[in-house]
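Reviewing the structure listed below.
Predicted, not measured: the structure shown is a model, and the values here were computed from it. In what follows, every chain begins at residue 1, and chains take the letters A, B, ... in the order their sequences are listed.
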There are 2 protein chains.
Amino acid sequence: MPRKKTYHHGDLKNALIQAGVGLLAKDGVSGLSLRKVASRAGVSHTAPYSHFADKQALIAAISTEGFRQLHGRVLAVMEKYHGKPRKQLIETAWEYVQFALDDPARFKVMFSGVLEQEKEYPEFVTESQSNFQQVVELVELNQAAGVLQDGPADLVALSAWGIVHGFITLLLEGQISHTILGRMSPRELLEFQLKQIMIGKN
Amino acid sequence: MPRKKTYHHGDLKNALIQAGVGLLAKDGVSGLSLRKVASRAGVSHTAPYSHFADKQALIAAISTEGFRQLHGRVLAVMEKYHGKPRKQLIETAWEYVQFALDDPARFKVMFSGVLEQEKEYPEFVTESQSNFQQVVELVELNQAAGVLQDGPADLVALSAWGIVHGFITLLLEGQISHTILGRMSPRELLEFQLKQIMIGKN
DNA sequence: ACCTGAACACCGTTCAAGT
DNA sequence: ACCTGAACACCGTTCAAGT
């Protein structure tokens, strides 16, 4: 059997992150309180301060964990369609969209400025950069295959990332009109957008 | 001379909206409290409830007012470059970016899901729709001029809007790497992105 | 080192009361 | 109709204390 609970339960830090993710999914960004997170993890409302400097630090940890997951999911898609850059582009973009739809509140925490002094959290910066690096590599594969236009890969990556991001923002905010969503699925809309920067056959 | 103060000062509702905008610019989204807004407007902390059902309703009013201003600014740019669709496209997009940079916190309130039940605020819905309509018209002008590809104007508008939006999100969140921003200005980056969906001469 | 409980300042919201 | 002040539940954070 697993070792007995240590002092409290050994890994409160991760338990708090998981409790935060759960609470976020349940109550949204505005429902995320440190006190409720602590209660969910079964500890007093001041216990989190043994592991996080403040609420922002917990948010940074939740975001960082989210970036790691997103990175893993995108990597799996890249491998699944290895050698087919065009397919990789569309499917990783779709994975991105699905990640956002799976847990909109967490996505907002990661990308909508809930975390205020992001520069102060080195792990957050590292993970978010390696995320962008992933997009750059994807772009390079597609440029080599003649699917995306030539030019500095990081700039083209910024465009592709921006398109997907803008689309997600508008989708999540319900700013895409009914007349559009009635006609096309999110997946079709995403492909329509990506195809505008893709070269060649549709 | 202007009429004496009525009961309190006649238009507390608008005074509260303005106080909110000011507080947002000063303290950011997380610093926006109903009590501070009331205090800024010189009334008790419960006075806002005479004009707004709750904090969300004040946020809706601030957003709606923001949409009206954005609409006006974009309209001015459209008129300034009347008859030059390509120029209109780039300059209105840039106006959009500037609007966001002028007051990032307000922009986040408008577009990053701080307002939670937007459907419940008809004026908000109206203004945000007329904003999108503006983009659709811009796209139609550019399609007629052969600057943007043909196809359903609302879908192409969604693409253009998404690109600008995604760019602003990444810019505001500081997610654009130093190596990119060291090379190009935000203005140049925006143009680079837009040119990827534009046809013809660069 | 990790956790608790009391305490403090701040918040959104309600309600009864005042003009 | 518009505004106030007391009250309540909830929040983030600090601190002294316990193991």
Side-chain angles (χ1 to χ4, degrees), chain A residues 3-24 26-63 105 109 113-118 120-121, chain B residues 3-24 26-63 105 109 113-118 120-121:
Chain A
R3 74 161 50 237
K4 273 217 155 163
K5 294 181 178 186
T6 61
Y7 195 64
H8 205 147
H9 57 70
D11 196 8
L12 182 55
K13 184 169 181 173
N14 276 307
L16 289 167
I17 293 173
Q18 286 318 309
V21 170
L23 193 55
L24 220 33
K26 186 171 148 292
D27 294 346
V29 176
S30 69
L32 182 75
S33 88
L34 218 38
R35 289 171 98 115
K36 278 196 274 182
V37 168
S39 150
R40 253 182 174 243
V43 292
S44 79
H45 67 269
T46 52
Y49 289 92
S50 296
H51 301 276
F52 300 102
D54 51 25
K55 189 183 177 181
Q56 283 286 301
L58 173 62
I59 289 175
I62 291 172
S63 298
V109 163
V114 178
L115 182 56
E116 256 146 42
Q117 295 288 132
E118 34 197 290
E120 311 237 324
Y121 305 95
Chain B
R3 73 160 52 237
K4 273 214 156 169
K5 295 184 179 183
T6 63
Y7 195 66
H8 207 145
H9 57 71
D11 195 8
L12 182 56
K13 184 168 181 173
N14 276 306
L16 289 167
I17 293 172
Q18 287 318 310
V21 170
L23 194 55
L24 220 34
K26 186 172 148 291
D27 295 346
V29 176
S30 70
L32 183 74
S33 89
L34 218 38
R35 288 171 99 114
K36 278 196 273 182
V37 167
S39 150
R40 253 183 173 241
V43 291
S44 80
H45 67 269
T46 52
Y49 288 92
S50 296
H51 301 276
F52 300 102
D54 52 25
K55 190 184 178 181
Q56 283 285 302
L58 173 62
I59 289 175
I62 291 172
S63 298
V109 163
V114 178
L115 182 57
E116 256 147 40
Q117 295 288 134
E118 35 196 288
E120 311 238 323
Y121 304 95

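Between the NZ atom of Lys36(A) and the P atom of dC10(D) there is a distance of 10 Å, rounded to whole Å. Taking atom NZ on Lys55(A) and atom C1' on dC11(D), their separation rounds to 8 Å, with Å as the unit. Between the CZ atom of Arg35(B) and the P atom of dG12(D) there is a distance of 16 Å, rounded to whole Å. Between the C1' atom of dT13(D) and the CG atom of Leu34(A) lies a distance of 9 Å, rounded to the nearest Å. Spacing between atom CG of Asp11(A) and atom P of dA1(C) amounts to 17 Å, rounded to whole angstrom units. The distance between atom CG of Leu16(B) and atom C1' of dG12(C), rounded to the nearest whole Å, is 15 Å. For Leu23(B) and dC10(C), the CG to C1' distance is 14 Å, given to the nearest whole Å. If you take CG of Asp27(A) and P of dC11(D), they are 10 Å apart, rounded to a whole angstrom.
Between Ala61(A) and Ile17(A), the shortest heavy-atom distance links the atoms CB-CD1, 3.7 Å. Nearest heavy atom pair, residue Ala41(A) against residue Leu12(A), reads CB-CD1, 4.1 Å. When all heavy atoms of Ala19(A) and Arg40(A) are compared, the pair lying nearest together is O-CD, 3.7 Å.
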Exercise for review: In sequence, state the C-alpha distance, the side-chain angles, and the governing distance for Asp27(B) and Leu32(B), and then conclude on side-chain contact (heavy atoms from CB on, under 4.5 Å).
Suggested key: CA-CA 7 Å; Asp27(B) 295 346; Leu32(B) 183 74; over 6 Å; no
Practice item. Please lay out, stage by stage, how Ser30(B) and Glu116(A) fare under the test side-chain contact (heavy atoms from CB on, under 4.5 Å). Key: CA-CA 9 Å; Ser30(B) 70; Glu116(A) 256 146 42; 3.2 Å; yes
Exercise for review: Output, in order, the C-alpha distance, side-chain angles, deciding distance and verdict of side-chain contact (heavy atoms from CB on, under 4.5 Å) for Val109(B) and Leu115(B).
Suggested key: CA-CA 7 Å; Val109(B) 163; Leu115(B) 182 57; 5.8 Å; no
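Looking at Lys36(B), its side chain never comes within 3.5 Å of a backbone N or O of Leu23(B) through a donor-acceptor pair. Ser63(B) places a side-chain N or O within 3.5 Å of a backbone atom of Ile59(B) that can act as its donor or acceptor partner. With hydrogens and angles ignored, the 3.5 Å screen pairs no side-chain donor or acceptor of Lys26(B) with any backbone N or O of Val21(B).
The side chain of Leu12(B) lies closest to dC3(D) when the candidates are dT13(C), dT13(D), dC3(D).
Contacts between residues 44-53 of chain A and DNA chain C, defined by a heavy-atom separation below 4.0 Å, involve Ser44(A), His45(A), Thr46(A), Ala47(A), Ser50(A), His51(A), listed by number.
Counting only Watson-Crick and G-U wobble pairs whose two key distances fall under 3.5 Å, DNA chain C forms stems of three or more stacked pairs at C:4-8 with D:12-16, C:12-16 with D:4-8.
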